[in-house]
2 protein chains.
Amino acid sequence: MTDKKYCYEYPHPAVTTDIVVFTIREGRLKLLLIKRKISPYKGKWALPGGFVALHEDISQCAARELAEETGVSSVFLEQLGAYGAPKRDPRERVITIAYFALIPSEKIQVQAATDAAAADWFAMDALPELAFDHAEIVEQAKTRLLNKLGHSTIAFQFLADEFTLTDLQKVFEIIQGEEVDKRNFRKWALALNSIEATGKERREGQHRPAKLYRLSSTVQDID
Amino acid sequence: MTDKKYCYEYPHPAVTTDIVVFTIREGRLKLLLIKRKISPYKGKWALPGGFVALHEDISQCAARELAEETGVSSVFLEQLGAYGAPKRDPRERVITIAYFALIPSEKIQVQAATDAAAADWFAMDALPELAFDHAEIVEQAKTRLLNKLGHSTIAFQFLADEFTLTDLQKVFEIIQGEEVDKRNFRKWALALNSIEATGKERREGQHRPAKLYRLSSTVQDID
DNA sequence: TATAATAGTGTTCATTTCACACTAAGTCAA
DNA sequence: TTGACTTAGTGTGAAATGAACACTATTATA
């Protein structure tokens with residue numbers, strides 16, 4: 001950051017992006033949080049994010065922050081909305097544009113937290129107290145995730161390139177918090193016309209091997 | 001506006017709200033546009049909106065702009081999303097937070113455009129060329145409107161406090177652009193448990209009078 | 001070769017969605 | 001006063017969809 005000062009005729013708020021990063025690890029839906037090492041909310045956990053640079057698109061900003069924190073790029077990233085209550089940051093007026101990202105657990109290289117003190121994954125049902133209005137943002141992200149789950153292909157974003165139908169079913173069960181009928185689920189998943197068998201199978205343990213699937217090339221999402 | 005200058009350590013973008021205001025008039029879905037009287041895009045039509053003041057919430061800002069342009073308040077207003085491509089405004093970096101609003105045609109007092117040159121309603125299927133990235137914003141608002149139509153009670157926002165089921169059906173037909181079966185529609189509307197008969201009826205023309213309905217007190221919307 | 005463990009597969013019933021046509025109640029004019 | 005006109009209001013059967021439910025298939029291992 002330079003010492004240069006930027007001046008305007010009328011007041012401009014600061015603009016940040018914050019990213020709600022979900023993944024599934026250890027059989028639970030988890031959220032990436034960063035421990036703040038500066039005031040305000042020093043020591044509290046917060047969503048990863050940062051200021052929007054003047055030259056970058058806001059979605060680029062979110063993608064950049066996400067890559068800096070997790071080392072992953074080209075993941076599912078969707079805008080959640082803008083949050084701009086006047087006092088949400090006690091320092092100055094900050095409007096944040098929240099995104100939510102879904103990353104497959106296999107892609108998670110442990111977070112190379114650039115400047116932040118510490119980063120960690122928290123189970124959604126055991127979140128610590130969050131800084132700013134981040135609890136509200138997380139709540140809305142969770143709602144969005146649940147709403148889209150059955151009407152889009154976002155669940156696939158939690159999986160590796162090749163996966164079994166049981167893998168996929170577990171994603172649903174973990175997010176929805178309830179068991180799903182295996183036969184109905186498989187019928188539904190195949191009827192989506194979004195996945196195709198790779199021809200390969202995965203064998204592990206003393207039981208029948210499972211067919212591997214991949215997302216079809218034509219991936220379309222729903223608003 | 002004062003001559004005072006606002007200075008920051010690092011650059012802040014300007015933040016505006018733009019509002020996609022829909023109504024139904026003359027049997028068509030219409031959009032409120034303002035003719036720009038200053039550069040850039042001077043003379044072009046644009047969405048109503050303006051800069052976010054430092055002390056106000058962004059939704060308050062949208063509501064204020066909407067009230068200034070249309071004279072109506074307490075209407076349906078929902079955030080659509082943030083648009084922040086770096087060059088979307090050629091003057092400086094401007095991030096806009098778009099809202100969409102639905103107002104009943106009866107409430108429309110002709111727009112008392114404060115500073116803008118002119119304001120007018122345009123049919124959605126006959127829009128003029130729009131300034132900035134407003135065409136994209138309008139497109140997404142239309143998509144949102146269509147998606148929510150059958151899964152929420154937003155259609156009611158286009159109607160007066162008391163309405164007939166035929167009024168409601170016409171709203172659907174106009175927005176969806178296709179006719180709807182009368183019996184199925186009425187069953188659906190009543191099964192919503194969101195409207196109740198007022199006991200009154202409206203008589204006009206040489207035919208049976210129509211029962212009037214109102215929104216039930218418990219109005220809930222869906223994300 | 002028996003056991004254990006997960007993969008994989010169809011049918012029935014209930015519910016929801018869709019298509020479809022007539023009667024009811026008012027106004028107006030002859 | 002009656003017939004013509006116009007929109008309001010109502011029910012049923014068929015088709016599609018969603019939900020419940022239990023057994024066989026295939027592998028690893030002891």
Side-chain angles (χ1 to χ4, degrees), chain A residues 24 26-27 146-153 155-156 159-214 222, chain B residues 24 26-27 146-153 155-156 159-214 222:
Chain A
I24 289 181
E26 300 159 5
L146 275 167
N147 284 342
K148 294 193 77 167
L149 199 62
H151 311 180
S152 71
T153 56
F156 299 85
L159 297 169
D161 293 340
E162 299 194 331
F163 52 87
T164 69
L165 292 182
T166 301
D167 290 341
L168 185 60
Q169 181 175 345
K170 277 185 183 148
V171 169
F172 275 78
E173 290 178 336
I174 288 165
I175 296 174
Q176 292 180 334
E178 58 187 11
E179 292 193 348
V180 167
D181 179 81
K182 192 206 271 193
R183 279 170 293 189
N184 291 337
F185 178 79
R186 293 162 97 93
K187 265 181 289 183
W188 172 84
L190 294 171
L192 277 179
N193 273 336
S194 296
I195 60 176
E196 56 193 17
T198 62
K200 289 183 275 182
E201 37 187 42
R202 178 201 296 163
R203 53 185 61 208
E204 54 176 7
Q206 53 193 42
H207 55 81
R208 182 173 174 175
K211 286 184 189 166
L212 285 168
Y213 290 82
R214 73 168 82 86
I222 310 169
Chain B
I24 288 182
E26 300 158 6
L146 275 166
N147 283 342
K148 294 194 78 166
L149 199 62
H151 312 225
S152 70
T153 56
F156 299 86
L159 297 169
D161 293 340
E162 298 194 332
F163 53 87
T164 68
L165 292 183
T166 300
D167 291 341
L168 184 60
Q169 181 174 346
K170 278 186 182 147
V171 168
F172 275 77
E173 290 179 334
I174 289 165
I175 296 174
Q176 292 181 334
E178 56 187 12
E179 293 193 348
V180 168
D181 179 82
K182 193 206 271 194
R183 280 170 293 189
N184 291 336
F185 179 79
R186 293 162 96 93
K187 265 180 288 183
W188 173 83
L190 294 171
L192 276 180
N193 273 336
S194 296
I195 61 176
E196 56 193 17
T198 62
K200 289 183 275 183
E201 36 186 43
R202 178 201 296 163
R203 53 185 61 206
E204 53 175 8
Q206 53 194 41
H207 55 81
R208 181 173 174 175
K211 286 183 188 165
L212 286 168
Y213 290 82
R214 72 167 82 87
I222 310 169

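Not measured: the values here are computed from a predicted model. First the proteins, then the strands, lettered A, B, ... as listed; each starts at 1.
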> To the nearest angstrom, how far is A/Asp167 atom CG from C/dG8 atom C1'?
Replying inline: 15 Å

>> Counting distance alone, no hydrogens or angles: does the base of C/dT6 have a donor or acceptor under 3.5 Å from a partner atom on the side chain of A/Lys170?
In response: no

> So which nucleotide from C/dA7, D/dA8, C/dA19 ends up closest to the side chain of B/Asn184?
Replying inline: C/dA19

> Do A/Val180 and A/Lys170 touch side chain to side chain, with heavy atoms closer than 4.5 Å?
Replying inline: no

> So, do B/Ile195 and B/Leu165 sit near enough that their side-chain heavy atoms are less than 4.5 Å apart?
Replying inline: yes

> After noting the C-alpha distance and the side-chain angles of A/Lys211 and A/Thr166, does the key distance pass the side-chain contact (heavy atoms from CB on, under 4.5 Å) rule?
Replying inline: CA-CA 10 Å; A/Lys211 286 184 189 166; A/Thr166 301; over 6 Å; no

Listed pairs, N/O of protein and of nucleotides 27-29 of chain D, under 3.5 Å:
unit_1 : atom_1 : unit_2   : atom_2 : d
D/dT27 : O3'    : A/Arg203 : NH1    : 3.3
D/dT27 : O2     : A/Gln206 : O      : 3.0
D/dT27 : O2     : A/His207 : N      : 2.9
D/dT29 : O4'    : A/Gln206 : OE1    : 3.1

> So, A/Thr198 side chain and A/Leu212 main chain: donor-acceptor pair closer than 3.5 Å or not?
Replying inline: yes

> For A/Lys182 and C/dA5, what is the distance between atoms NZ and C1' respectively, to the nearest whole Å?
Replying inline: 11 Å

>> Tell me the interatomic distance from A/Phe185, atom CZ, to C/dT9, atom P, rounded to whole angstroms.
In response: 14 Å

>> Between C1' on D/dT24 and CZ on A/Arg183, what's the gap in Å once rounded to a whole number?
In response: 11 Å

> For A/Ile195 and C/dG8, what is the distance between atoms CD1 and C1' respectively, to the nearest whole Å?
Replying inline: 14 Å

> So how far is it from A/Leu190 CG to A/Phe185 CZ, rounded to the nearest 0.5 Å?
Replying inline: 9.0 Å

> Can you check side-chain contact (heavy atoms from CB on, under 4.5 Å) on B/Leu159 and B/Tyr213, steps first, answer last?
Replying inline: CA-CA 11 Å; B/Leu159 297 169; B/Tyr213 290 82; over 6 Å; no

>> Let's go through B/Asp167 and B/Arg202 carefully: what are the C-alpha distance in whole Å and the side-chain angles of both, what is the deciding distance for side-chain contact (heavy atoms from CB on, under 4.5 Å) to 0.1 Å, and is it a yes or a no?
In response: CA-CA 11 Å; B/Asp167 291 341; B/Arg202 178 201 296 163; 2.9 Å; yes

> What is the distance, rounded to the nearest whole Å, between atom CD of A/Glu179 and atom P of D/dA20?
Replying inline: 13 Å

>> I need the CD-C1' distance between B/Glu178 and C/dC18, as an integer number of Å.
In response: 13 Å

> Between B/Thr166 and A/Asp181, who's closer to the 5' end of DNA chain D by nearest nucleotide?
Replying inline: B/Thr166

> With a non-hydrogen cut-off below 4.0 angstrom, is A/Thr164 in contact with a base, only sugar-phosphate, or nothing?
Replying inline: nothing

>> Students often get this wrong, so: under 4.0 angstrom with heavy atoms, is A/Lys211 touching a base, only sugar-phosphate, or nothing?
In response: sugar-phosphate

> For the pair made of CG in A/Leu212 and C1' in C/dT6, what is the distance, rounded to whole Å?
Replying inline: 14 Å

